[in-house]
Amino acid sequence: MSAVRCIDLCKTYRQGDQDIKALDHVSLEIAAKGFVCLSAPSGGGKTTLLNAIGGLDIPDSGEVWVAGQRIDQLSKGALASLRLQQIGFVFQAYNLIPVLSARENVEFVMQVQGVSKDGRREKSTAILKEVGLAGLEDRRPAEMSGGQQQRVAVARAIVSKPALVLADEPTANLDSKTSDELMELFVELNEHHGTTFVIATHDRRVMGYAKRLIKMLDGRIVDDINQRAA
Amino acid sequence: MNITLRLAWRNLWRQPRRTWLTIGAMVFSNALLVFMISLQFGMYDLMIDNTLQAFTGHIQVQAPGYKDDLKMRQVVPAVNALASDIRRETGLDRVAVRSAAFALVSSEDRSYGVQVFGADPQHEAQVSSLPGLVRDGRFPTDANAQEIVIGAVLARNLRVSVGDELTLLGSGRDGSFAAAVATISGIFDSGIADLDRNIAEVPLGFFNDVFYMEDAGHAIVVVTPNLDDVEAYRSRIESLLPVGSNLVVHDWNALQPGLKQAIQADLSSAFFMYGVLVVLVAFSVMNTQLMSVLERTHEFGIVMSLGLTPGRLGRLVLLETVLMGLAGMLLGALVGGAITLWFSYNGFSYPGMDQLAANFNLPSRFYPQATLLTLFAGPAVVFIGSICSATYPALRLHWLHPVEAMRAV
């Protein structure tokens, strides 16, 4: 079964007097356990596509299927539930809750999911150790480096073992060493946990980690490369 | 502690100055409400007690219809026996028989129409403060003495003083001509102009002789230990009335409807003012929470993208308001309670208050009464008002789109 299937997606934004086609008849299918990079210059449509796949944005036309479920017609509540249970998000700007510690940021999503207190504690300890943040559990975001914050964001995204992780420019604010560490973590999670990754990036180093590279330009897919085969 | 609760609490202290200002507004208004309501209720109790103890008492037994139409022949038969029964069966000491008639009172120079009361010298002082308000002379001590006590205004109008004689002319209970001469034994000054101008009291025995009352009277006046007991004693007294007598037992509310109306009118205007205060605080809370929601729009977009529903975010905003409201309520009740406690021992007064209070037969210092109701009623309304005012910022989250929210700076 496909992890993600998009059929003929269109999305137009109005900017001033101009209509901008962010997605222009985009169709693609991503297999489960895939590791895909969406590459495009700024304004190429990769974030819009990522948002459509994550149910954060509704396309003007076309269909979006995630884990066999059509999501473009779901209600707000159902979309929220889908994101909570099946999708993990990693953002460029980390986007942690500033008043919560690393552990609390990770546990917050689990609490919403209804995980018990003991379960939350056990999982958050394990995942923070896995992303290399053992001993930093009680630090707040402001007390951590960019790389550490992004690791917390990754821990938060994957702690509930979502089938799909969507990452939007996850390394944009990181140095090359930290970027490599993060991508190696993604690869490990992909290979050991079978998590599907869709990463929007224009960082060539990140693209190098992907099994499949989809290039976009002006809202259209212009190239789809299977890098393993290559 | 639950993470949502922790998050709500910490969110409040992201902008400590703003939070303290909002809590400060709540504390100020709550403390003010506690003190004002305590003062008001203390004043009402004092007002009721002073007014009722001046003359009316808490309860009266009368003939049916007498309250609204003071006819001489509408009497309580065997009134002294019934009063004794009431004293014995209820255990109340403050029970007195009283009769009344309208008469023309004449001095050498002038005549005025007044209401003359026959009062039992032995018991009257226990149900009425008038005997204690005699400024010149004394209240009669002999039930049959041909003496009269009049108000200071009436004495001035009649141009008489203690020791002078007054002639009384009126109608007896049987319709006969009633006339007597009485010596002024005392002049009272209640501070209530109506009483001081229109009332005279004579010993009950003397009254009964002049107005041909025999063993009847117009009212048995009862004062209960406190206002809360009135209804219980009223029912008890009702059960003591002779079968088939048709007598009625009125409580103070029926006897002095104007008093309750005055209190209700005062309460209405006060509650209007309190309402304005609560609305102002509610707007302050709404402003704080609206600002707080607006500046966290980006963050809300993030948590929505993680799977939080707008409803859950709305509940978070409400929880923040609940925490702020609880802090304001408890601190406000504490500060207001402390101020009230201090004034309840030392009394509260302001320049010119003694003159104003005298008009209502009140002392020149008021003593607020702190009860659980006065401590928490006002703050609870502010608390509820604050929660209601936070529903708008919380509801705004329902229209938030994650992508647009995340674009917010």
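This structure is a prediction, so every number in the text was calculated from the model and none was measured.
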Practice problem: Measure distances from A:Asp57 to the heavy atoms of chain B and classify the residue's part below 4.5 Å as side chain, backbone, both or neither. | Solution: both
Exercise. Calculate, to the nearest 0.5 Å, the distance between atoms CG and CE belonging to A:Asn51 and B:Met406 respectively.
Key: 5.5 Å
Self-check item: Side chain proximity check, B:His401 to A:Lys76, heavy atoms < 4.5 angstrom
Solution: yes
Quiz item: So how far is it from A:Leu79 CG to B:Ser305 OG, rounded to the nearest 0.5 Å?
Solution: 12.5 Å
Self-check item: Under 4.5 Å from a heavy atom of chain B, the part of A:Ser101 involved
Solution: backbone
Quiz item: If you round to the nearest 0.5 Å, how far is CZ of A:Arg83 from OG1 of B:Thr309?
Solution: 10.0 Å
Quiz item: Charged N to carboxylate O under 4.0 angstrom, A:Glu104 versus B:Arg10?
Solution: yes
Practice problem: Taking atom OH of B:Tyr44 as the centre, report whether more than 12 heavy atoms of other residues, nucleotides or ligands fall under 6.0 Å from it. | Solution: yes
Self-check item: A:Asn95 and B:His298 side chains, donor-acceptor separation under 3.5 Å
Solution: yes
Quiz item: Heavy-atom distance under 4.5 Å to chain A: side chain of B:Arg312, backbone, both or neither?
Solution: side chain
Quiz item: Would the number of heavy atoms belonging to other residues, nucleotides or ligands and lying under 6.0 Å from CD of A:Gln85 be above 12?
Solution: yes
Quiz prompt | Greatest number of heavy atom pairs closer than 4.5 Å to chain B - which of A:Leu84, A:Val99, A:Leu166, A:Leu96 | solution = A:Val99
Exercise. State whether the number of non-hydrogen atoms from other residues, nucleotides or ligands found under 6.0 Å of B:Phe283 atom CZ is greater than 12.
Key: no
Quiz item: Of the backbone (N, CA, C, O) and the side chain (C-beta and beyond), which part of A:Val109 lies under 4.5 Å from a heavy atom of chain B, both, or neither?
Solution: side chain
Self-check item: CZ (A:Arg14) with more than 12 external heavy atoms under 6.0 Å
Solution: yes
Quiz item: Is there side-chain contact between A:Phe108 and B:Leu306, with at least one heavy-atom pair below 4.5 Å?
Solution: no
Practice problem: With a 4.5 angstrom heavy-atom cut-off, could you sort out which part of A:Arg140 is near chain B: side chain, backbone, both or neither? | Solution: side chain
